[in-house]
Chemist: 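Provided herewith is a single structure, encoded as structure tokens, for subsequent inquiry.
Hydrogens, waters and symmetry mates are skipped; everything else that's a heavy atom, side chains included, is used. Model, not experiment: these values are computed from the prediction. Chain naming here is simple, since letters A, B, ... match the order of the sequence lines and numbering starts at 1 in each.
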Amino acid sequence: MRLYDHKKIEKKWQNIWEKKGIYHAIDPVKGGASKPKKPKYYSLIEFPYPSGDGLHVGHPRPYIGMDIISRKRRLQGFNVLYPIGWDAFGLPTENFAIKTGKDPRFVTKKNSENFKQQIQSLGISFDWSREINTTDPKYYKWTQWIFLQFLKKGLAYKAKMNINWCPKDKIGLANEEVIGGCCERCGAQVEKREKEQWVLAITKYAERLDKDLDGVDYLPQIKLAQRNWIGKSEGAEIEFKITDYELKIKVFTTRPDTIFGATYVVLAPEHQLINDLKSRISNWTEAEDYIKKTKQETEIERTAENKTKTGVELKGVKAINPGSKEEIPIWIADYVLANYGTGAIMAVPAHDERDFEFAKKYNLEIKQVIQPIFGIENKRKEAVHRNTITGIVKSRDGKKILMLKWKDYDWLSGVIGGIEGDESPEQAAEREVLEETGYKTKAIFVSPIKVESHFFAEHKNEWRSRIDTPVVLELVDEKPEIISEKEQAKHEVRWVDIKEVFASTMFGNNKLAIELALSRSAYTGFNGDQRDSLINSGRFDGMDSQKAKKEIIKFVEGKEKTTFKLRDWIFSRQRYWGEPIPVVRCEKCGLVPVPEKDLPVELPKVKNYQPTDSGESPLANISKWVNTKCPKCKGNAKRETDTMPNWAGSSWYYLRYTDPKNSKEFAGKKNLKYWTPVDWYNGGNEHTTLHLLYSRFWHKFLYDLKLVPTSEPYMKRTSHGMILGEGGVKMSKSLGNVINPDEMVKIYGADTLRIYEMFMGPFDQSVAWSTESIIGARRFIEKIWRLQFKVGKTSDSGIKKILNKTIKKVSEDIENMNFNTAISSMMILATEIENEKSVSREDYKKFLQILSPFAPHITEELWSLLGEKKSINLSTWPKVDETFLKDEEIKIVIQINGKVRAQIIVKASDPEEKIKERVFSDPSVLKHLGNKGIKRTIYIKNRLINLVV
RNA sequence: GCCCGAGUGGCGGAACUGGUAUACGCGCACGACUUAAAAUCGUGUCUCGCAAGGGAUGUGGGUUCGAUUCCCACCUCGGGCACCA
């Protein structure tokens, strides 16, 4: 009996595959018109950063997943491109160089060789002949070249920017290096420092980056994450005049319909206009102090969670509300961001929570201009109108509120009552609560928002309307007085848990009143069936809020405007281990791009990787490299010492794979036309925003230059979950729970590891590693090995049936990345075959074929043991024989009142009547039915019969 | 605070479009083989109950003949964003 020796088998086939190059993608023939006969398929994984720690078991998960898809595509007759390379610029290698003085080139080479050897031991069908490395000058030549194209089109520019500055290490830090406001390395408090930075104008592409998501097949969450990051928001720009002055304040708002409620204007402390107004501001010192203070604050302090809003009124100047034409105050406050919209807002405290909070703190006017209206307005008859209050009494511990449970109807409400005579809402609320509940209370908050409702009072046969003011009250006395019998008869007084209030049956208007009372904030919209109608808005009163948006923009001569949260991309790093930005600064000519023929600008060797005292890249110290001649005037010039972020090389690497050795272009047109776009790109969730967005941006830019044939780089994007350490915590060196795949390959074999990683849980979710469980995958592989001794002349029809079902399931599951259930169905098939006397050679081959993407080595070995001369990889994906999928006999479940009581086996061809006949003669059905009559019978074909008694 | 994802046996997880909840695997128990152990194979394994039967998919409601699946409210965990007007 042949024994299963994974070490021998796996090494053997890996060598043969490599030697024969069977995973090499075939390029279109140069110069000729002929394309490869097979259709192309481009599958892509995110190329790894070759760290010194080597691979851990989480790395291969996406590689195996896409390997299964790529291998299936090959069997389906595609010319598959499944490449890999190294995203090797970056901080860990540089920090290692600073610590040890070792050349990053050397470290990178060593690390990537180690990674390569590790990945190759897993039998992943990468086309290694296309291996690329972002730190290779032959590669980054083209990264620099693309940068020059950005520069040429004016999309790369220099700007003063705030960067994270560590005063102790004297170094600029990337955002990722700032942890809790402190330097990752030395723990010192990080400051903001202004520095000239290279910036790429990604915002010019914001609209297209958002819109073109419609045309690609990304997982919905991924599209959503991209859209949220881009942050498109549609609104209007409106100008506010300043009294007796020619300058105007331009604001951006998404709610022009609320303009009559704008009771003040706020400028960001950094706003230009403040300086222009300086001479007219009577409290300039106060304002200046505030501006200075905000500048000193770190980002963390400024955005701290519980920070109350602060600001200073600019006295001596006033703005004019273009809606109401009223004079309103101008404030400066740091809750308004300088770099979003116009850096100025119109504050509508009644309908914006932030403005509300600010207005309350500084006692500014809160003017309601949107009124929610519930119920159908009665136009024909005169309605009886009342002003009312809804009183909300909170218990002392704040967890419960006082509600009325109505006796005649099944609903709850707050305490509702009319405002009489010249009572204030507070007085009315206190009086009504006492009358209806017996509790003595004191009003503590009156909502500035009123809620309107219309209804027909049946008992009085009249239409009524109310305008209701929510009031919050607190208890004066814990013990209630006895209330009148009349009130007692109407409703019961109840303390209801706040959490349960909104789950109970209430009228929409009452629900909103309670919500407004409890939140004590603005009305920004409500999830109900109300109509939002304008009030206090002059000629727009009564107009629907949506309609008013457009009308009011016209009225105040504003213009519709779309803004984005997305900011331009800061592209400089003051680091050594990155692509040098190919620009020189000439004393005469200024910034001059390095001519394309002089690319690449290679990184010089240095002795010391420490950053300089002034926070510049270590490159600044290499005077031999820095001092150069200007390409334009040949005068003295200095090289740019900033380098690119490590996002640069990964923004276009998928293009290089199509033509990795090209020295004339980043990739040849013909190859690009044939291979792009990427058909399926799988990657980590951590890259769904930045990397994906950056590379889409670069791609669109190249598309506009007619250098790539499509406007989107990736047709389909999916993501995989992380593999966590045992116990569900992150795998990390410091926790000591890292599992090295080498060891697993050694003990169990690559096929077992592959099967286990795909079987352990849903591909898109995180799963905890369990070395205890991997044995199950090994047992399955060994069972497969034993099946070779079952191969005979025929297989049972039962086997044929289950085989064809499995082919179907595996085919579908692979497409949906449901690898775990695909393996589960193959486990069932293997057990079935093992329990039979024999399986036919043909059927056995089909099984090996569907298993081969998951476990390529053992299937290749078994395939060749059958005497097959060609690789299983060159065979074709088995077809489902539909005739075996149809069951002649079907199990029907009999339910009584939805509970399973019996099962019967019927012929698929049996008509409904015949099945029902059988049901009613079934003894256990009769037993359960007893003498109860059947009210209804539900028959679901091929599934069940439910009898309702 | 907002957005996204998830919550099912001792554990990882399965369940198509609302139709037999717990497939498959791990672990555990028992049995076979063995002088013995490991490995392997076989059987069993949600829970209460002697049984008939009842109860379980984070919690509480709802829709339905029927809900892990749909709706509402809430709780817990993971990830992302963070005053974006």
Chemist: Does B:G25 adopt a syn or an anti glycosidic conformation, taking syn as a chi angle within 90° of 0?
Modeler: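 It is anti.
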Chemist: Is there a Watson-Crick or G-U wobble partner for B:A73 with both distances under 3.5 Å, and which nucleotide is it?
Modeler: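 Partner of B:A73: B:U59.
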Chemist: Have a look at A:Thr254 and say if it touches a base, only the backbone sugar-phosphate, or nothing, with a 4.0 Å heavy-atom cut-off.
Modeler: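 Sugar-phosphate: the residue A:Thr254, judged by heavy atoms under 4.0 Å, touches backbone atoms but no base.
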Chemist: With rounding to whole Å, what would you report as the distance between B:C77 and B:C72 at their P atoms?
Modeler: 23 Å
Chemist: Using Watson-Crick or G-U wobble geometry with both distances under 3.5 Å, which nucleotide pairs with B:A15?
Modeler: none
Chemist: To the nearest Å, how far apart are A:Phe780 CZ and B:G12 P?
Modeler: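 After rounding, the reported distance stands at 23 Å.
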Chemist: Distance check: side-chain N/O of A:Tyr756 vs OP1/OP2 of B:G25, anything under 4.0 Å?
Modeler: no
Chemist: Can you spot which of A:Phe819, A:Tyr748, A:Trp769 makes a ring-ring contact (aromatic ring centres under 6.0 Å, His included) with A:Tyr756?
Modeler: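 For A:Tyr756, the ring-ring contact (aromatic ring centres under 6.0 Å, His included) test succeeds with only one of A:Phe819, A:Tyr748, A:Trp769, which is A:Trp769.
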Chemist: Could you work out which one of B:G19, B:G13, B:C83 sits closest to the side chain of A:Gln895?
Modeler: B:G19
Chemist: Does the side chain of A:Ser766 get closer than 4.0 angstrom to OP1 or OP2 of B:A6 through an N or O atom?
Modeler: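 Negative; the distance criterion is not met.
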Chemist: Contact class for A:Asp764 vs. all strands (heavy atom < 4.0 Å): base, sugar-phosphate, or nothing?
Modeler: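 Nothing, no nucleic acid heavy atom in range.
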Chemist: Which whole number of Å gives the distance between the P atom of B:A51 and that of B:U47?
Modeler: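 B:A51 and B:U47 have their P atoms separated by 14 Å.
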Chemist: Could you check how far CG of A:Asn818 sits from P of B:A23, rounded to whole Å?
Modeler: 18 Å
Chemist: Under 4.0 angstrom, heavy atoms only, what part of the nucleic acid is A:Lys899 near: base, sugar-phosphate, or nothing?
Modeler: sugar-phosphate
Chemist: Scan every strand shown for a Watson-Crick or G-U wobble partner of B:G27, both distances under 3.5 Å, and answer none if you come up empty.
Modeler: B:U45
Chemist: Let's test this: given Watson-Crick or G-U wobble pairing with both distances under 3.5 Å, identify the partner of B:G9.
Modeler: none
Chemist: Below 3.5 Å, does any donor atom in the side chain of A:Lys309 face an acceptor in the base of B:C83, or the other way round?
Modeler: yes
Chemist: Nearest to the side chain of A:Ile938, which nucleotide is it out of B:C83, B:G19, B:A85?
Modeler: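 Output: B:G19.
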Chemist: Might you point out which heavy atoms bring A:Asp355 and A:Met346 nearest each other, and give the distance in Å?
Modeler: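 Where A:Asp355 meets A:Met346 most closely, the heavy atoms are OD2-O, 4.0 Å.
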Chemist: Once you apply a heavy-atom cut-off of 4.0 Å, does A:Glu357 come out as touching a base, just sugar-phosphate, or nothing?
Modeler: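 No contact.
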Chemist: Which nucleotide in the set B:U20, B:A85, B:C26 lies at the smallest distance from any side-chain heavy atom of A:Tyr340?
Modeler: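 Given the options B:U20, B:A85, B:C26, the side chain of A:Tyr340 is closest to B:A85.
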Chemist: Provide the closest heavy-atom pair for A:Gly414 versus A:Ile514 in the form atom of the first, atom of the second, distance.
Modeler: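 Where A:Gly414 meets A:Ile514 most closely, the heavy atoms are N-CD1, 4.3 Å.
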Chemist: Now, which nucleotide makes the Watson-Crick or G-U wobble pair with B:G1, with each of the two distances under 3.5 Å?
Modeler: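 Base-paired to B:C81.
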Chemist: When all nucleic acid strands are considered with a 4.0 Å heavy-atom cut-off, which category describes A:Glu353: base, sugar-phosphate, or nothing?
Modeler: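 Here A:Glu353 touches no strand at all.
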Chemist: Report yes if at least one side-chain N or O of A:Arg779 is closer than 4.0 Å to OP1 or OP2 of B:G27; otherwise report no.
Modeler: yes
Chemist: Check every strand shown and say whether A:Ile823 touches a base, only sugar-phosphate, or nothing at a heavy-atom separation below 4.0 Å.
Modeler: nothing
Chemist: To check you understand the geometry: which heavy-atom pair defines the closest contact between A:Ile945 and A:Tyr939, and what is its length?
Modeler: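 Where A:Ile945 meets A:Tyr939 most closely, the heavy atoms are CG1-CD1, 3.3 Å.
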Chemist: Say we look at B:U68 and B:U63: how far apart would their P atoms be, to the nearest angstrom?
Modeler: 16 Å
Chemist: Taking atom C1' of B:A52 as reference, at what distance in whole Å does atom CZ of A:Arg901 sit?
Modeler: 11 Å
Chemist: B:A38 and B:G5: how far apart are their C1' atoms, nearest whole angstrom?
Modeler: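 My reading of the C1' atoms in B:A38 and B:G5 gives 43 Å.
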Chemist: By the 4.0 Å heavy-atom rule, please label A:Ser824 as base, sugar-phosphate, or nothing.
Modeler: base
Chemist: If we call it a pair only when both distances are under 3.5 Å in a Watson-Crick or G-U wobble match, what pairs with B:A21?
Modeler: none
Chemist: Quick one: which of B:C65, B:G12, B:G13 gets closest to the side chain of A:Phe759?
Modeler: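 Closest nucleotide among those given: B:G12.
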Chemist: The side chain of A:Leu337 lies closest to which of these nucleotides: B:A15, B:G25, B:A85?
Modeler: B:A85
Chemist: With distance as the sole criterion, is a donor-acceptor pair present between the side chains of A:His691 and A:Glu46 under 3.5 Å?
Modeler: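 Result is no, nothing qualifies.
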Chemist: Whole angstrom is fine here: how far is it from CD1 in A:Ile259 over to P in B:A85?
Modeler: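 That distance rounds to 17 Å.
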Chemist: Just how far, in rounded Å, is P of B:U40 from CG of A:Leu3?
Modeler: 14 Å
Chemist: Tell me the closest heavy-atom pair linking A:Val369 and A:Phe260, and the distance in Å.
Modeler: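 Reported closest heavy-atom pair: CG1-C, 3.7 Å.
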Chemist: Quick one: label A:Ile940 by what it contacts on the DNA or RNA (base, sugar-phosphate, nothing), any heavy atom closer than 4.0 Å.
Modeler: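 Since a base atom lies under 4.0 Å of A:Ile940, the category is base.
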Chemist: Is any side-chain N or O of A:Asn820 closer than 4.0 Å to OP1 or OP2 of B:C24?
Modeler: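 Negative; the distance criterion is not met.
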Chemist: Could you give the distance separating B:A6 and B:G18 at their P atoms, to the nearest angstrom?
Modeler: 16 Å
Chemist: Which is more 5' along RNA chain B, the nucleotide nearest A:Leu224 or the one nearest A:Lys565? Just name the residue.
Modeler: A:Leu224
Chemist: Choosing from B:A85, B:C81, B:U20, which nucleotide comes nearest the side chain of A:Trp229?
Modeler: B:C81
Chemist: Using the closest heavy atom to pick a nucleotide of RNA chain B for each, name whichever of A:Gln221 or A:Ser773 lands nearer the 5' end.
Modeler: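 Comparing both residues, the 5'-ward one is A:Gln221.
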Chemist: Of the candidate nucleotides B:G13, B:G27, B:G55, which contains the atom at the shortest distance from the side chain of A:Val767?
Modeler: B:G13
Chemist: Taking all atoms of both residues into account, what is the closest heavy-atom pair of A:Ala359 and A:Pro349, and its distance?
Modeler: CB-CB, 3.5 Å
Chemist: In Watson-Crick or G-U wobble terms, both distances under 3.5 Å, what is the partner of B:A67?
Modeler: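 Across all strands, not a single nucleotide pairs with B:A67.
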Chemist: I need the NZ-C1' distance between A:Lys561 and B:A85, as an integer number of Å.
Modeler: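 Interatomic distance, NZ of A:Lys561 to C1' of B:A85: 15 Å.
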Chemist: Would you measure the distance from the P atom in B:C74 across to the matching atom in B:G12 and give it in whole Å?
Modeler: 28 Å
Chemist: Quote, to the nearest angstrom, the P distance that separates B:G60 from B:G55.
Modeler: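 My reading of the P atoms in B:G60 and B:G55 gives 14 Å.
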Chemist: Do the side-chain N and O atoms of A:His6 and A:Asp751 include a donor-acceptor pair separated by under 3.5 angstrom?
Modeler: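 Per modelled atom types, A:His6 and A:Asp751 side chains form no pair under 3.5 Å.
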Chemist: Looking at A:Phe854 and A:Ile755, what are the two nearest heavy atoms and their distance?
Modeler: CB-CD1, 3.8 Å
Chemist: Identify whether any heavy atom of A:Asn228 sits under 4.0 Å from a base atom; if not, whether one sits that close to sugar-phosphate; answer base, sugar-phosphate or nothing.
Modeler: sugar-phosphate
Chemist: For A:Lys809 and B:C24, give me the distance from atom NZ to atom C1', rounded to whole Å.
Modeler: 11 Å
Chemist: Does the side chain of A:Thr688 pick up a donor-acceptor pair with the side chain of A:Tyr218 at under 3.5 Å?
Modeler: no
Chemist: Across all strands shown, which nucleotide pairs with B:C33 by Watson-Crick or G-U wobble geometry, both distances under 3.5 Å?
Modeler: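 Pair assignment: B:C33 / none.
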Chemist: Just the rounded figure in Å: distance from P of B:C3 to NZ of A:Lys232.
Modeler: 21 Å
Chemist: So, does the side chain of A:Arg786 form a donor-acceptor pair with the base of B:C41 at under 3.5 Å?
Modeler: no
Chemist: Which value, in whole Å, describes the distance between the P atoms of nucleotides B:G80 and B:A29?
Modeler: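 One P to the other, the span is 41 Å.
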Chemist: When all nucleic acid strands are considered with a 4.0 Å heavy-atom cut-off, which category describes A:Arg227: base, sugar-phosphate, or nothing?
Modeler: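 Nothing, no nucleic acid heavy atom in range.
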